[in-house]
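What follows is a set of notes on a single structure, which appears directly below.
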Amino acid sequence: MSVKKKLASIVGATFIPEMINKMYKGTKIVFYHGVIDKPIKNTIIQANQMSFTDFKKQIEYLDKNFEIISIDEFKYRFENRVLKGREVVITFDDGYKNNLTVVAPYLNKKNIPYTIYICPLLTERNLRVPTYYARSSIYSGRLKEINIPILRKVYNVETEESKNIANKELIDIIKTSRRELVNEIIEDIKSNFSYEGLIEMNNDFESEEMLTVDEIKQLAAFPNCTIASHCDDHSILHQQQSEETIKNQLIASRDKIINWVGKCDYFAFPNGNKDSVCDYSIEQVAKVYKMGFAVNGKNVSYNDNFGYISRFSLAPNFYAFKVQVLILSNL
């Protein structure tokens, strides 16, 4: 655990977060990824997963101490400047299958509204988010080295140190490269496995599986669930992407979701921090969608751009979660 996380856990266990939060008012849009009701096998490969026990504890806290509203209600209050400063909007990124099997039954029972941002092309092609292939190839223990011809690189992944070096470099490249290069890197990574080996690894980490079209339709039928876009294939819309790629990612994903469930009004940026989002993509999101959402660690502000509204992720540790929600988001 990093020093920051240790400090957050210590502070979160005290009365300090509640005391500080009393001095502030701020509407919060928070997001999770996947939630699983089985033990996490590998915290790096399954970095986007939270245990149901941790998730339930956080939702119960938010439900008790804040007003959880739908994304449509948030849009209405934001546009009309009638936010009370105690609202929370619950969202989920990527579109994991466990959003249906684990999340939906719990939130539906409590009648809590939620939004799931999906990547339609990943659903259509039965793929997973790009960084999964890097993390799983490095840390699953199935490979001693990873050959990536497009980068002219061969990564040794036999030791923990070599794995960490390879992971940092590959993830950085995937998150900062144009879409076409990312796709070639993923294909190169997959080519290090036999067909059967790749299937076995995916089965080992079934938590990373995406929703199918039928499952997305099933979720959309719930009155408290909203389906929205997270790009067509989880592309990060930074400066390296062409304007054509950005437009295609926004429009293709929107049109597919409309075809599947009837509407698609909202968008959340993959990665989503300011260094990972170019101004052109924010402009286009504001044109294509009613609202777009960031990843910037902050409460909502009326000064937010309609294409880039403040939003933040939540840590699994309950005390770190309290520090995020009650302290850091207010700063």
Side-chain angles (χ1 to χ4, degrees), residues 24-33 48 69-83 85 87-95 113-120 129 175-179 226-255 257-258 263-314 324-325 328-331:
Y24 294 92
K25 280 189 175 182
T27 298
K28 307 169 194 300
I29 301 178
V30 302
F31 74 94
Y32 300 90
H33 288 89
N48 287 338
I69 63 172
S70 70
I71 198 165
D72 287 331
E73 179 63 21
F74 165 76
K75 176 179 175 294
Y76 171 81
R77 295 187 189 185
F78 183 85
E79 287 180 329
N80 291 280
R81 292 180 171 258
V82 291
L83 289 167
E87 300 95 337
V88 171
V89 179
I90 307 291
T91 68
F92 298 84
D93 283 7
D94 299 347
Y114 55 100
T115 297
I116 299 175
Y117 295 100
I118 67 168
C119 305
V129 296
K175 288 188 174 184
T176 58
S177 298
R178 70 187 191 280
R179 174 179 180 266
T226 300
I227 302 297
S229 171
H230 201 43
C231 277
D232 202 20
D233 61 4
H234 204 274
S235 289
I236 297 174
L237 304 184
H238 46 58
Q239 294 280 4
Q240 299 302 316
Q241 307 289 11
S242 68
E243 292 186 357
E244 181 182 9
T245 291
I246 291 170
K247 284 185 177 180
N248 287 342
Q249 287 289 313
L250 298 177
I251 294 171
S253 58
R254 180 200 63 186
D255 290 351
I257 294 171
I258 291 174
K263 70 173 186 175
C264 180
D265 295 333
Y266 306 105
F267 176 84
F269 283 95
N271 234 44
N273 60 61
K274 199 61 178 175
D275 292 335
S276 302
V277 176
C278 67
D279 290 341
Y280 179 78
S281 66
I282 295 175
E283 294 170 6
Q284 291 304 306
V285 166
K287 292 178 181 179
V288 175
Y289 296 89
K290 291 182 178 178
M291 282 184 164
F293 295 89
V295 180
N296 62 359
K298 298 179 181 179
N299 289 339
V300 172
S301 165
Y302 285 128
N303 294 322
D304 285 347
N305 187 306
F306 266 74
Y308 195 72
I309 292 173
S310 298
R311 191 175 72 125
F312 59 94
S313 64
L314 295 173
Q324 287 178 292
V325 171
L328 297 180
S329 66
N330 293 315
L331 301 180

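Scope of the values below: all heavy atoms of this structure, side chains included, with no hydrogens, waters or symmetry mates.
Residue Phe269 comes nearest to Ser281 through the heavy atom pair CE2-OG, 3.5 Å, listed as atom of the first residue, atom of the second, then distance. The shortest non-hydrogen separation linking His230 to Cys119 is O-SG, 3.3 Å. In plain terms, the two heavy atoms of His234 and Cys231 that are nearest each other are N-CB, 3.9 Å. Heavy atoms only, all atoms of each residue included: Lys274 and Asp279 are closest at NZ-OD1, 4.1 Å. The shortest non-hydrogen separation linking Met291 to Phe78 is CE-CD2, 3.5 Å. Gly292 and Val285 get closest at one heavy-atom pair: CA-CG1, 3.5 Å.
Separating the CD1 atom in Ile116 from the CG atom in Asp94 is a distance of 11.0 Å, to the nearest 0.5 Å. Rounded to the nearest 0.5 angstrom, Phe92 CZ and Ile118 CD1 are separated by 14.5 Å. Taken from CG in Asp265 to NZ in Lys263, the straight-line distance is 5.5 Å, to the nearest 0.5 Å. Atom-to-atom distance recorded for Tyr266:OH and Thr115:OG1 is 7.5 Å, nearest 0.5 angstrom. Atom OG of Ser310 sits about 11.0 Å away from atom NZ of Lys28, to the nearest 0.5 Å. Atoms OG1 and CG, on Thr245 and Asp233 in that order, are 9.0 Å from each other to the nearest 0.5 Å.
A distance-only check finds a donor-acceptor pair linking the side chain of Tyr289 to the backbone of Leu250 [under 3.5 Å]. Remark: side-chain polar atoms of Ser301 are paired, donor with acceptor, to backbone N or O of Asn303 under 3.5 angstrom. A donor-acceptor pair under 3.5 Å is absent between the side-chain atoms of Asp255 and the main chain of Ala252, judged by distance alone. With hydrogens and angles disregarded, no donor-acceptor distance shorter than 3.5 Å links the side chain of Gln284 to the backbone of Ile246. Put simply, the side chain of Lys298 never gets that close to the backbone of Asn330: no donor and acceptor are under 3.5 Å apart. A donor-acceptor pair is defined here as one N or O able to donate and one able to accept, closer than 3.5 Å; no such pair exists between the side chain of Ser70 and the backbone of Pro113. In this structure a side-chain-to-backbone donor-acceptor pair under 3.5 Å is present from Gln249 to Asp232. Judged purely by atom type and a 3.5 angstrom limit, Tyr32 has no side-chain atom pairing as donor or acceptor with the backbone of Ile90. One N or O on the side chain of Glu87 and one on the backbone of Gly85 form a donor-acceptor pair closer than 3.5 Å.
Counting heavy atoms from C-beta outward, Asn299 and Thr27 have side chains that stay 4.5 Å or more apart. Counting heavy atoms from C-beta outward, Ile309 and Val300 have side chains that approach closer than 4.5 Å. Looking at heavy atoms from C-beta onward, Arg254 lies out of side-chain contact with Ser229 at the 4.5 angstrom threshold. Using a 4.5 Å heavy-atom cutoff, the side chains of Tyr114 and Thr226 are not in contact. By the 4.5 Å heavy-atom criterion applied to side chains, Val88 and Ile69 are not counted as neighbours. Side chains of Phe312 and Ile29 form no contact here, defined as non-hydrogen atoms less than 4.5 Å apart.
Between Lys75 and Glu79 there is a salt bridge, since at least one side-chain N of the basic residue sits less than 4.0 Å from a carboxylate O of the acidic one. A salt bridge links Glu73 with Arg77: the distance from a Lys NZ or Arg NE/NH1/NH2 to an Asp or Glu carboxylate oxygen falls below 4.0 Å.
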> Asn273 and Ser276: side chain to side chain donor-acceptor pair (under 3.5 Å), yes or no, with the steps?
Replying inline: CA-CA 5 Å; Asn273 60 61; Ser276 302; 3.0 Å; yes
>> Under the criterion side-chain contact (heavy atoms from CB on, under 4.5 Å), I'd like the reasoning laid out for Gln241 against Cys278: C-alpha separation, chi angles, the key distance, then a yes or no.
In response: CA-CA 9 Å; Gln241 307 289 11; Cys278 67; over 6 Å; no
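Partners of Lys175 according to the side chain to side chain donor-acceptor pair (under 3.5 Å) rule, which considers only residues two or more places apart in sequence or in another chain, are Asn271.
For Phe293 and Tyr308, the distance between ring centers is not under 6.0 angstrom.
Cation-pi check for Arg311 over Phe31 is met; the charged atom lies under 6.0 angstrom from the ring centroid and within 45 degrees of its normal.
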